[in-house]
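To start, the structure under review is shown below, and the notes come after it.
In what follows, chains carry the letters A, B, and so on, assigned in the order in which the sequence lines appear, proteins first and then strands, with residues in each chain numbered from 1. Just so it is clear, the values below take in all heavy atoms, side chains as well, and ignore hydrogens, waters and symmetry mates.
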Number of protein chains: 4
Amino acid sequence: MTRTPHRRGADRTEAIMRTTLELGQEIGYANLSMEAVAARAGASKQTLYRRWSSKGALLLDSLLSLNEPGLDYPYTGDLAADLRAQIYAAVDLLAGPPYGALFQALVGEAQHDRRVAVALNERFIAPQADKTVARLRAARDQGQLSPDFDLDLAMAILSGPLYFRLLITQEPLTHAYIDRVLDVLFAGMTPRP
Amino acid sequence: MTRTPHRRGADRTEAIMRTTLELGQEIGYANLSMEAVAARAGASKQTLYRRWSSKGALLLDSLLSLNEPGLDYPYTGDLAADLRAQIYAAVDLLAGPPYGALFQALVGEAQHDRRVAVALNERFIAPQADKTVARLRAARDQGQLSPDFDLDLAMAILSGPLYFRLLITQEPLTHAYIDRVLDVLFAGMTPRP
Amino acid sequence: MTRTPHRRGADRTEAIMRTTLELGQEIGYANLSMEAVAARAGASKQTLYRRWSSKGALLLDSLLSLNEPGLDYPYTGDLAADLRAQIYAAVDLLAGPPYGALFQALVGEAQHDRRVAVALNERFIAPQADKTVARLRAARDQGQLSPDFDLDLAMAILSGPLYFRLLITQEPLTHAYIDRVLDVLFAGMTPRP
Amino acid sequence: MTRTPHRRGADRTEAIMRTTLELGQEIGYANLSMEAVAARAGASKQTLYRRWSSKGALLLDSLLSLNEPGLDYPYTGDLAADLRAQIYAAVDLLAGPPYGALFQALVGEAQHDRRVAVALNERFIAPQADKTVARLRAARDQGQLSPDFDLDLAMAILSGPLYFRLLITQEPLTHAYIDRVLDVLFAGMTPRP
DNA sequence: AAGTAAGCGAGACGGTACGTCGGGTCTTTGT
DNA sequence: ACAAAGACCCGACGTACCGTCTCGCTTACTT
């Protein structure tokens with residue numbers, strides 16, 4: 001019997017993450033198990049546990065591997081357009097098919113597992129928030145926003161309703177909805193005449 | 001050994017829910033099991049499953065039982081004050097000690113279990129949202145808000161940042177933060193002069 | 001799908017022991033696993049571990065269940081004939097097919113697991129030895145043996161070579177071999193004229 | 001970090017066998033693993049498997065290395081004295097501390113692994129038996145034993161009770177016990193007057 | 001002296017089984 | 001009639017070792 005030679009390191013890591021996403025889509029995160037991922041990936045459980053301490057950590061890595069380059073902001077000078085473009089991209093990747101349900105489950109897992117919560121924050125939430133805040137700060141520096149504007153809060157008001165839809169009411173996150181949020185935000189943000 | 005005589009119906013239900021909250025606080029939702037609740041409550045697993053289909057359903061009932069009267073809005077005529085009072089009350093009950101962590105876990109569970117998500121929506125999220133929208137509508141009808149104001153979106157912009165803090169950044173939800181959100185909301189909501 | 005109703009207690013115990021012997025014969029004790037026994041018996045591993053703390057304990061019970069009535073001595077008055085008959089019976093049951101290999105493995109296991117050793121001694125070795133000694137004592141009391149004869153040692157000299165064959169040289173234990181041992185024993189035991 | 005330079009061949013073999021005996025004494029054969037021996041000996045598992053096919057083979061070699069010169073019989077002309085001396089030596093080496101437990105475990109392993117059984121027989125049991133038979137044959141040739149005496153059986157009657165004690169009843173093997181066995185053997189063996 | 005091949009430590013890898021936990025279902029027993 | 005108790009099957013957990021493998025480094029021969 002011919003045996004597949006063992007692949008090492010990154011090879012295996014990548015194959016396992018790919019399998020995680022595949023299987024996660026097929027049977028859902030709740031039914032996903034380390035056991036099943038290992039079996040499907042042709043890997044041993046040890047190999048999984050060598051790299052990830054839990055199902056949540058594995059899914060986190062798997063999902064973030066989809067976005068290696070990061071979701072960076074365009075900079076056209078038009079604040080509203082730039083925000084919109086970036087949020088469209090982020091939402092399209094993580095809230096819609098095929099990975100939306102898994103990202104949602106990941107945030108759910110973060111409520112049960114502090115390590116997942118911390119990792120999710122450090123590796124995705126905070127970087128994204130920082131980019132948003134940086135874009136807003138640039139706009140404020142150019143006088144497009146009131147000098148006393150609360151950048152962090154603006155970021156939260158932008159993100160909050162989106163996560164609210166994703167996690168709480170669990171309705172689809174359309175571009176139209178994003179536009180509505182942006183509209184209100186700018187109505188309150190732009191300097192009063 | 002003295003044996004506890006069997007209690008029936010509502011008696012048992014209440015005792016089990018009380019035990020769920022107790023044990024949930026002690027060991028956390030992730031470590032909570034139907035098995036453990038049954039043992040601590042002196043009930044059989046059958047009795048639990050007779051009433052609740054899952055751990056999530058049990059926790060949902062247990063948490064909602066804390067708020068039998070519901071979180072109703074005061075109506076003083078001052079919109080900002082009324083919103084603030086109601087949100088303070090809701091956040092104090094569900095985001096702080098001792099039940100905040102369990103409520104957070106419940107929302108997490110809703111990401112893994114559609115039935116929990118639906119029940120949570122129907123029995124808590126939607127009713128609260130309806131109350132908020134109703135209060136805003138009353139204000140709009142009285143000319144305190146622009147006639148074309150988007151009530152649902154306002155509710156989302158109010159709730160979103162709070163859930164964002166609770167679930168995503170997992171920082172404490174202070175009254176000061178609530179005030180900041182309300183301030184921005186009103187800056188954008190009130191009719192421009 | 002129709003489900004087999006769960007059988008309880010003794011039912012399960014018996015089925016599992018039967019499976020242990022079957023599977024043990026097929027694949028050998030070294031390859032036998034709690035996992036495989038459970039699967040073949042249609043039982044859960046918990047059920048196995050509820051009753052037996054280890055593979056050795058399970059095999060011990062399984063083998064001893066073959067000999068519920070015990071291997072009792074006939075008493076014809078002829079010492080040599082009685083010993084021979086009883087040893088034939090014991091050896092035929094435990095040293096030949098189909099269970100010889102498993103009994104041999106059980107004694108092997110007793111070298112690795114003190115609890116197995118103790119249980120094996122208490123439940124099989126010692127009772128058998130006692131019966132042999134009792135039969136010898138009766139003969140001595142009737143003057144068929146020297147009054148100062150060492151009964152325990154005689155038992156050991158009778159049993160030792162048999163176990164030596166079974167465990168050390170691992171040659172088949174024939175009736176002829178038993179006869180040779182008995183002959184020498186009696187040559188040394190019977191009162192000199 | 002300073003690295004130990006690689007030693008070769010016999011060097012490594014000897015170090016590994018020494019470690020096997022050490023570790024075997026400390027944690028017992030049942031808990032011993034190739035993994036642990038390799039780690040303790042600072043060897044790789046590959047190196048172990050290059051030399052020994054299994055844990056049993058390794059222990060066999062390790063134990064036999066303790067007895068490089070072999071257990072040879074003295075020849076004083078006094079059969080009983082010679083047998084006694086040799087058996088004392090063998091029993092003291094292999095049934096008492098510090099290696100008795102490991103030798104016992106090795107015989108146990110021989111029940112599970114045919115290759116170990118064969119190797120144990122060829123390299124220890126048979127040579128010892130041959131020496132005993134040779135000594136007995138010399139005595140018979142000199143008329144100290146009946147001409148029709150069964151030498152092989154005598155050897156078994158000598159060894160059997162000792163292994164019976166070691167493996168079955170697992171009581172300590174004292175010189176006094178050896179003497180008792182020898183006494184009975186000679187009572188039955190020596191030519192009748 | 002340089003080059004090469006074998007031996008080695010290290011440890012990743014696919015597996016199998018371990019012994020445990022909890023899920024949800026079912027039977028038994030007692031009140 | 002209903003509840004506690006807990007046996008039961010099942011699936012997964014996270015761990016331990018197995019025996020095989022790949023990787024560089026070290027050592028000792030070969031040229």
Just so I know, are the side chains of [X] and [Y] near enough to count as touching, which here means a heavy-atom distance under 4.5 Å?
X: B:Ile168; Y: A:Leu167; answer: yes
X: B:Met17; Y: B:Leu21; answer: no
X: A:Arg123; Y: A:Asp61; answer: yes
X: C:Leu66; Y: C:Leu63; answer: yes

Whole-Å distance between [N] [atom2] and [X] [atom1]?
X: C:Met34; N: E:dT20; atom1: CE; atom2: P; answer: 10 Å
X: D:Leu58; N: F:dG19; atom1: CG; atom2: C1'; answer: 15 Å
X: A:Leu48; N: F:dT15; atom1: CG; atom2: C1'; answer: 14 Å
X: B:His112; N: E:dG23; atom1: NE2; atom2: P; answer: 15 Å
X: D:Asp113; N: F:dC18; atom1: CG; atom2: C1'; answer: 14 Å
X: B:Glu35; N: F:dC9; atom1: CD; atom2: P; answer: 16 Å
X: D:Trp52; N: F:dG19; atom1: CH2; atom2: C1'; answer: 16 Å
X: D:Arg51; N: F:dT20; atom1: CZ; atom2: C1'; answer: 17 Å

Report task. Hey, which sits more toward the 5' end of DNA chain E by its nearest nucleotide, A:Ala43 or B:Leu32? Result ->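 The answer here is A:Ala43.
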**Report entry** 5'-most by nearest nucleotide on DNA chain E - A:Lys45 or B:Ser33
**Finding:**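 The residue mapped nearer the 5' terminus is A:Lys45.
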**Report entry** Step-by-step ring pair (Phe, Tyr, Trp, His ring centres under 6.0 Å) determination, A:Tyr29 to A:Phe103
**Finding:** CA-CA 10 Å; A:Tyr29 179 75; A:Phe103 180 70; over 10 Å; no
Could you tell me whether the phosphate oxygens of [N], OP1 or OP2, come under 4.0 Å of any side-chain nitrogen or oxygen in [X]?
X: D:Arg50; N: E:dC8; result: yes
X: D:Thr47; N: E:dG7; result: no
X: C:Arg12; N: F:dC9; result: yes

Query raised in the report: What about D:Gln46, does its side chain sit under 3.5 Å from the base of E:dA10 through a donor-acceptor pair?
Result: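 Counting by modelled atom types and ignoring angles, no donor-acceptor contact under 3.5 Å is found here.
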